[in-house]
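Heads up, the thing below is written out as structure tokens.
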Number of protein chains: 2
Amino acid sequence: MNEIEVFRKYVKESGLRNTPEREVIIEEIFLTHDHFDVDTLYLCLKNKKCSISKASIYRTIPLLIESGLIKEVFFEDGHMHYEHVLGHEHHCHFRCLGCGRIIEFKQDEVMDIEKKFSRSHGFEVTGHKLELFGYCRECLKKQGKDRKISTTDRVDID
Amino acid sequence: MNEIEVFRKYVKESGLRNTPEREVIIEEIFLTHDHFDVDTLYLCLKNKKCSISKASIYRTIPLLIESGLIKEVFFEDGHMHYEHVLGHEHHCHFRCLGCGRIIEFKQDEVMDIEKKFSRSHGFEVTGHKLELFGYCRECLKKQGKDRKISTTDRVDID
DNA sequence: ATTATTATTGAGAATCTATTGCAATAATAA
DNA sequence: TTATTATTGCAATAGATTCTCAATAATAAT
Ligand SMILES: [Mn+2]
Ligand SMILES: [Mn+2]
Ligand SMILES: [Zn+2]
Ligand SMILES: [Zn+2]
């Protein structure tokens, strides 16, 4: 099932109605793997002459989250940023405090943390969000500093 | 050094000026370990007759973050929530999707993830934010469901 | 196909959060 | 004590999101 089919199934089961506007929004979101926000999505569609009102975009986003197509990634510059989920492996984010760049990385160890916490508390853990902060290599170079090597660090770089 | 002393040092070194308003804000924040937002902080102070304008609170928060006294914890209900840092051990948060409750927990394994990422990318990692999502025991009971036990789960509960 | 029902749309108004301009005040240094 | 200027409170403003409402259109029923 692709994203459109998933959404059609979702609206049917929820007693909602599908519309061309919603499918245009979904198609635009799944064109790239980039993070996005409401305004850039709105302007993208506007430039492509398939203009959709901001109200409709704001009203569609909760449906896309509910149907598992997208999720919130981070809040920045006064508004939320999203990414699509379907067909995009789960990953974590590193944010460079110097240049603002976001780097994605996969990390299976977080699953162990989920399980450990779930066991010890008797809770059901359905997901997580992990964000690392720091400085990317370019920003470290720019400052003339190399990465701080901690004493517990291995010396060989893999 | 307590929080007031840390802040006095910070304003001196930054060429700013300390004020009674700022110290009242800091004292209120460090009265409890609860998460807080601007509005509850504002109303708390208003009720205690040491009213301070919202503008001053908004202007003070970046200074408190910069001086390491507080940090952003999560964005919810359309605005940011904070917690104080000094004298409060670093921890992660579990958010119950049923009742909205936030549960704090400590988790050293994230440090390993930081180091691993730092080594493999040559970045400097200065911090992280880990949030788990799911359902707390009370919410699972309310739904008549127990926690799903995955096949990889150990059976003995520690 | 036609009709009835009602969810959805777009435009703008309203709301809410956060920032900013400004005159009065007050913290620091001279 | 005086001079300098950061800070304050208030109100105005900006920006993000939600809401109102009339027109439209997706679905179900006939
Ligand atoms: Mn991502
Ligand atoms: Mn906390
Ligand atoms: Zn960078
Ligand atoms: Zn709960």
Side-chain angles (χ1 to χ4, degrees), chain A residues 4-5 7-28 35-67 70-82, chain B residues 4-5 7-28 35-46 48-67 69-82:
Chain A
I4 296 291
E5 293 166 336
F7 189 72
R8 284 179 182 159
K9 184 167 182 289
Y10 166 77
V11 290
K12 178 142 293 189
E13 289 173 353
S14 308
L16 304 172
R17 293 174 189 174
N18 196 13
T19 66
E21 287 84 359
R22 287 172 177 175
E23 296 206 351
V24 164
I25 290 171
I26 292 169
E27 274 167 18
E28 180 63 31
H35 303 144
F36 67 94
D37 55 38
V38 168
D39 213 55
T40 54
L41 180 55
Y42 170 74
L43 291 174
C44 270
L45 295 172
K46 193 172 190 178
N47 287 337
K48 293 186 180 175
K49 313 291 179 199
C50 37
S51 197
I52 288 169
S53 74
K54 270 191 187 172
S56 291
I57 295 178
Y58 275 113
R59 282 185 284 227
T60 300
I61 280 185
L63 305 180
L64 300 183
I65 292 175
E66 186 65 23
S67 60
I70 69 170
K71 67 177 175 190
E72 298 184 340
V73 189
F74 46 79
F75 184 85
E76 191 178 65
D77 296 328
H79 55 264
M80 189 55 71
H81 296 247
Y82 308 87
Chain B
I4 297 291
E5 292 166 336
F7 189 72
R8 285 179 182 159
K9 184 168 181 292
Y10 166 77
V11 291
K12 177 141 298 190
E13 289 174 352
S14 308
L16 304 172
R17 293 175 188 174
N18 196 14
T19 66
E21 287 84 359
R22 288 171 176 177
E23 296 206 349
V24 165
I25 290 172
I26 293 170
E27 274 167 16
E28 181 63 32
H35 303 144
F36 67 93
D37 56 36
V38 168
D39 213 55
T40 54
L41 180 56
Y42 170 73
L43 292 174
C44 269
L45 295 173
K46 194 172 189 178
K48 292 186 179 174
K49 313 292 179 198
C50 37
S51 196
I52 288 169
S53 76
K54 268 191 188 172
S56 290
I57 295 177
Y58 275 114
R59 281 186 281 227
T60 300
I61 281 186
L63 305 181
L64 300 182
I65 292 175
E66 187 65 22
S67 60
L69 290 182
I70 69 171
K71 68 176 174 190
E72 298 183 342
V73 188
F74 46 79
F75 184 84
E76 190 178 66
D77 297 328
H79 56 265
M80 190 53 72
H81 295 248
Y82 309 86

Short question: side chain of [X], backbone of [Y] - any donor-acceptor pair under 3.5 Å?
X: A:Arg22; Y: A:Arg17; value: yes
X: A:Ser14; Y: A:Val11; value: no
X: A:Thr40; Y: A:Phe36; value: no

Whole Å only: how far is the [atom1] atom of [X] from the [atom2] atom of [N]?
X: B:Ile61; N: C:dT20; atom1: CD1; atom2: P; value: 15 Å
X: B:Glu23; N: D:dT8; atom1: CD; atom2: P; value: 11 Å
X: A:Phe7; N: C:dA7; atom1: CZ; atom2: P; value: 15 Å
X: A:Ile57; N: C:dA11; atom1: CD1; atom2: P; value: 12 Å
X: A:Arg17; N: D:dT27; atom1: CZ; atom2: C1'; value: 5 Å
X: A:Tyr42; N: C:dT9; atom1: OH; atom2: P; value: 15 Å
X: A:Tyr10; N: D:dA26; atom1: OH; atom2: P; value: 19 Å
X: B:Lys12; N: D:dT7; atom1: NZ; atom2: P; value: 14 Å

Exercise: identify the closest heavy-atom pair between B:Tyr82 and B:Val73:
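Looks like C-CG2, 3.4 Å.
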Ignoring hydrogens and angles, does a donor from either the side chain of A:Arg59 or the base of D:dT18 sit under 3.5 Å from an acceptor on the other?
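Between D:dT18 and A:Arg59, which were checked side chain against base, a qualifying N/O pair under 3.5 Å is absent.
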Which class fits the ring pair B:Phe75 and A:Phe75: parallel under 30°, tilted 30 to 60°, perpendicular over 60°?
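Taking A:Phe75 first and then B:Phe75, their aromatic rings lie parallel (interplane angle under 30°).
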Please state whether the rings of A:His81 and A:His79 are parallel, tilted or perpendicular, taking 30° and 60° as the class boundaries.
parallel
Let's test your reading of the pairing rules: Watson-Crick or G-U wobble, both distances under 3.5 Å, then write DNA chain C as a dot-bracket string with ( ), [ ], | and dots.
||||||||||||||||||||||||||||||
Would you indicate what A:Pro62 reaches in the nucleic acid, counting non-hydrogen atoms under 4.0 angstrom: base, sugar-phosphate, or nothing?
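The residue A:Pro62 makes no contact with any strand.
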Check the phosphate of D:dA26 against A:Thr19, side-chain N and O only, distance under 4.0 Å to OP1 or OP2. Yes or no?
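No, because none of the side-chain N or O atoms of A:Thr19 sits under 4.0 Å from OP1 or OP2 of D:dA26.
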What I'd like to find out is whether the side chain of [X] reaches to under 4.5 Å of the side chain of [Y], using heavy atoms alone.
X: B:Val24; Y: B:Glu28; result: no
X: B:Lys12; Y: B:Asn18; result: no
X: A:Ile25; Y: A:Leu64; result: yes

Mapping B:Glu21 and A:Leu16 to their closest nucleotides on DNA chain C, which lands nearer the 5' end?
A:Leu16
Below 3.5 Å between N/O atoms, which protein atoms pair up with nucleotides 16-19 of chain C? Just atom names and distances, please.
from   : atom 1 : to      : atom 2 : distance (Å)
C:dA18 : OP2    : B:Tyr58 : OH     : 2.4

